[in-house]
Amino acid sequence: MNKALDRGDAAQTNNTDPRILHARTLKSPYTDRSDFNNLITLYSKSNLLSYSLRVFNQIPSPNIVSWTSLISAHTNSPLSLRFFLSMLCHPTFSFLPNQRTFASLFKTCASLSYSFTFGLSLHSMSLKLSFNDKPFCGSALVNFYSKFRLPDYAKKVFDEMHDKEEVCYSAMIVCLAQNSRCVDSLSVFADMRRRDVASTVHSVSGALRSAAELAAMEQCRIIHGHALVAGFDRNVVVGTALIDGYGKAGHVFDARRVFDENVSVLNVVAWNAMLSGYAQQGDKNSVLELFHLLETRGFSPDEYSFLAVLTAFSNAGLASESEKWIEKMRVRYGLEPGLEHYTCLIGAYGRAGRLEDAEKIAMEMPFEPDAAVWRALLSSSALHGASDMALRMAHRLLEVNPYDDSAYVIAANVLSASGRWDEVAAMRKMMKDRRVRKEGGRSWIEVKGEVHVFLGG
DNA sequence: TATCGCTACT
């Protein structure tokens, strides 16, 4: 930890109002620029952002550290990008951004949905200044590409980085996990261990998320063992990822053991992970029991808690129960049901064989049906041998998601069961025609080129 | 010479 943070933390723990320090700084004849720079950071850590800008404006001749302090004080806000542009456009001084400036800016771009091209041009600048292979910049850049769903670009940045330390690996592992590249994510985790780079709660929870998505029991166990050795097993996030992983792998007893061992530190997210583990097993009784316990312990159930309950009901085909809980969620808990809750409701009606009601809900609910809704209706109609409806739903599903091969598989099954071979063949042909050229995106080289053009380089 | 990056529940 560096000096500035030490000072900042000390001031916070002593409950010193930064404004007192500010007044002293202004009065003292010994004040230099670094005192102002520290104040900017101190104010932002105390959630007094407007004062950060005020201090900055009081600095007689701000330097790059002042600018970077101001920019990072406004991380995740568009103001941070504006300040950066002001700095570049400054008429009298020429400030060259450094690695820390870029690290903050990449973080901001990652958090703003509209700042993709801004991030690309920053990447180009950092390439020219040779910052993108530095650990701090590189990890922030990996995260940036991760948030914009470009894991291959992130991997390219990662591969070109020098001195990859634990945060770089964490960022990459988490990126691949968040983008459903589970096997790659686990292999980077393995690579990290081979190279003796320390793991962190971030990399461990990222790897666990991948193992969970793969429902890979063996990997969960291995990472669990590692978490125990590394002393991360009491961490809430790691614990939650373990509960989720064991649950998804179908080992609810292992999930429950982790849950019980850590219950004193767990929050509602962890409870939800346990609930959804039971729900995926179709263990409705355990879900309801745990839901009740959650309330007894003083937690408030949220949308995810209700989703777990409704998932269980959907798997069990409990239509009227689902209806009741949706109502309860809205009226007694003040939570508005989302698309996923309606999808469960539709699934429950469908599984119960009330296909028309299920379709009616899909048409009348306050959301546009998505692929999951059509898939629920498709599997329900297939389950009950309603081949006409199944065919219709398969078409709707393919309209929203032309690449969904499950549409073909499920519809083909029910159609062949009724001997409708011609329609199976037609379906197959339609799938082929729909399979338009997959646009895998432009190559890395192309994007790099574009970035240089963008900056006139 | 102060400023920086990565986690869990559909």
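All chains are named by letter (A, B, ...) in the order of the sequence lines, taking the proteins before the strands, and each is independently numbered beginning at 1.
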Trainee: For residues 259-277 of chain A, pull every pair meeting salt bridge (charged side-chain N to carboxylate O under 4.0 Å, His left out), keeping only residues two or more places apart or in separate chains.
Mentor: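 Found A/R256-A/D260.
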Trainee: Please determine whether a side-chain nitrogen or oxygen atom of A/K134 lies at a distance below 4.0 Å from atom OP1 or OP2 of B/dG5.
Mentor: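 No, outside the criterion.
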Trainee: May I ask you to verify if any side-chain N or O of A/K248 is less than 4.0 angstrom from the OP1 or OP2 atom of B/dT10?
Mentor: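 Affirmative; the distance criterion is met.
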Trainee: Take atom CG of A/L208 and atom P of B/dT7, then tell me their distance rounded to the nearest Å.
Mentor: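 Roughly 15 Å, once rounded to whole Å.
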Trainee: With a 4.0 Å cut-off on heavy atoms, is A/N235 in touch with a base, just the backbone sugar-phosphate, or nothing at all?
Mentor: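 Contact class for A/N235: none.
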Trainee: So, OP1 or OP2 of B/dT3: does either fall under 4.0 Å of a side-chain N or O from A/N37?
Mentor: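 No, no such contact exists.
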Trainee: So for A/T240 and B/dA8, does any side-chain atom that can act as donor or acceptor lie under 3.5 Å from a complementary atom in the base?
Mentor: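 Yes.
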Trainee: With a 4.0 Å limit, can you tell me whether A/Q178 has a side-chain N or O closer than that to the phosphate oxygens OP1/OP2 of B/dC6?
Mentor: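 For B/dC6, OP1/OP2 do not have a side-chain N/O of A/Q178 under 4.0 Å.
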Trainee: So, is A/Q99 near the phosphate of B/dG5, with a side-chain N or O under 4.0 Å from OP1 or OP2?
Mentor: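 So the side chain of A/Q99 is outside the cut-off, no N or O lying under 4.0 Å from OP1 or OP2 of B/dG5.
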Trainee: Spell out yes or no: do the side chain of A/N272 and the base of B/dA8 have one donor N/O and one acceptor N/O closer than 3.5 Å?
Mentor: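 Side chain to base: no pair below 3.5 Å.
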Trainee: In terms of side-chain heavy atoms of A/Q280, which of B/dT10, B/dA2, B/dC4 is nearest?
Mentor: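 Closest nucleotide to the A/Q280 side chain: B/dT10.
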Trainee: Distance check needed: B/dT3 P versus A/L105 CG, whole Å only.
Mentor: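 Spelled out: CG on A/L105 to P on B/dT3 is 16 Å.
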Trainee: Give the rounded distance in Å between these two atoms: CG of A/D35 and C1' of B/dA2.
Mentor: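 After rounding, the reported distance stands at 9 Å.
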Trainee: Output the rounded distance in Å from OH (A/Y304) to P (B/dC9).
Mentor: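 Computing the A/Y304:OH to B/dC9:P distance gives 8 Å.
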Trainee: Ignoring backbone atoms, test whether A/N98 places a side-chain nitrogen or oxygen under 4.0 Å from the OP1 or OP2 oxygen of B/dT1.
Mentor: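 For A/N98, the contact criterion (side-chain N or O under 4.0 Å from OP1 or OP2 of B/dT1) is not met.
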Trainee: Just the rounded figure in Å: distance from C1' of B/dA8 to CG of A/D302.
Mentor: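 Going from A/D302 (CG) to B/dA8 (C1'), I get 13 Å.
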Trainee: Could you tell me whether the side chain of A/S139 has a donor or acceptor atom within less than 3.5 Å of a complementary atom in the base of B/dC6?
Mentor: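 By the distance-only test, no, there is no pair.
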Trainee: Checking A/R33 against A/F36: charged group under 6.0 Å from the ring centre and within 45 degrees of the axis?
Mentor: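 That pair does not qualify as a cation-pi contact.
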Trainee: Would you indicate which nucleotide in B/dC6, B/dT10, B/dA8 comes nearest to any side-chain atom of A/V236?
Mentor: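 The answer is B/dA8, which lies nearest to the side chain.
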Trainee: Describe the nucleic acid contact of A/C175 in one word from base, sugar-phosphate, nothing, applying a heavy-atom distance below 4.0 Å.
Mentor: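 No contact.
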Trainee: What is the separation between atom CZ on A/R100 and atom C1' on B/dT1, rounded to the nearest whole Å?
Mentor: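 Computing the A/R100:CZ to B/dT1:C1' distance gives 9 Å.
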Trainee: Report yes if a donor N or O on one partner sits less than 3.5 Å from an acceptor N or O on the other, where the partners are the side chain of A/S69 and the base of B/dT3; otherwise report no.
Mentor: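 Not at all, since no donor on one side and acceptor on the other fall under 3.5 Å apart.
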Trainee: Does atom NZ of A/K360 have more than 12 heavy-atom neighbours from other groups under 6.0 Å away?
Mentor: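 Not buried by this count: 12 neighbours or fewer within 6.0 Å.
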Trainee: Ignoring the backbone of A/D244, work out which of B/dC6, B/dT10, B/dT3 is nearest its side chain.
Mentor: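 The nucleotide sitting nearest to the side chain is B/dT10.
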Trainee: Can you tell which of B/dC6, B/dA8, B/dA2 lies closest to the side chain of A/R209?
Mentor: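 My answer, after comparing the listed nucleotides, is B/dA8.
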Trainee: Mark yes or no: A/K164 above the aromatic ring of A/F158, with NZ or CZ under 6.0 Å from the six-membered ring centre and no more than 45 degrees from the axis.
Mentor: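 Geometry flag: set, cation within 6.0 Å and 45°.
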Trainee: Give the table of side-chain donor-acceptor pairs shorter than 3.5 Å for residues 290-301 of chain A, with sequence neighbours excluded, one pair per line with atom names and distance.
Mentor:
from: A/E295; atom 1: OE1; to: A/Y333; atom 2: OH; distance (Å): 3.2
from: A/E295; atom 1: OE2; to: A/Y333; atom 2: OH; distance (Å): 2.7
from: A/T296; atom 1: OG1; to: A/H292; atom 2: O; distance (Å): 2.6

Trainee: Does a side chain donor of either A/H202 or A/Y169 reach within less than 3.5 Å of an acceptor in the other side chain?
Mentor: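 Judged by distance alone, the side chains do not pair up.
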Trainee: Looking at every strand, decide which applies to A/V174 at a 4.0 Å heavy-atom threshold: base, sugar-phosphate, or nothing.
Mentor: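 Touches sugar-phosphate only.
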Trainee: At 4.0 Å (heavy atoms only), tell me whether A/E165 reaches a base, stays on the sugar-phosphate, or touches nothing.
Mentor: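 If one applies the 4.0 Å heavy-atom cut-off, A/E165 turns out to touch a base.
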Trainee: I need the CD1-P distance between A/I59 and B/dT1, as an integer number of Å.
Mentor: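 In whole Å, B/dT1 P and A/I59 CD1 are 14 Å from each other.
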Trainee: Whether the side chain of A/D32 and the base of B/dA2 hold a donor-acceptor pair under 3.5 Å is what I'd like checked.
Mentor: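 Answer no: no donor N or O sits under 3.5 Å from an acceptor.
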Trainee: Does A/S276 have a side-chain nitrogen or oxygen under 4.0 Å from the phosphate oxygens OP1 or OP2 of B/dT10?
Mentor: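 A/S276 to B/dT10 OP1/OP2: side-chain N or O found under 4.0 Å.
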Trainee: Where the side chain of A/A103 is concerned, which of B/dC4, B/dC6, B/dT3 is the nearest nucleotide?
Mentor: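 Side chain of A/A103 sits closest to B/dC4.
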Trainee: Quick check for you: among B/dT7, B/dA2, B/dG5, whose closest atom lies nearest to any side-chain atom of A/C168?
Mentor: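 That would be B/dG5.
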Trainee: In whole angstrom, give the distance that lies between atom CZ of A/F189 and atom C1' of B/dT7.
Mentor: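 For the pair A/F189 CZ and B/dT7 C1', the rounded distance is 13 Å.
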Trainee: Does A/K164 place a side-chain N or O at less than 4.0 Å from the phosphate oxygens OP1/OP2 of B/dC6?
Mentor: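 So the side chain of A/K164 is outside the cut-off, no N or O lying under 4.0 Å from OP1 or OP2 of B/dC6.
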Trainee: Any carboxylate oxygen within less than 4.0 angstrom of a Lys/Arg side-chain nitrogen, looking at A/R221 and A/E218?
Mentor: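 Not counted as a salt bridge, because no side-chain N and carboxylate O are separated by less than 4.0 Å.
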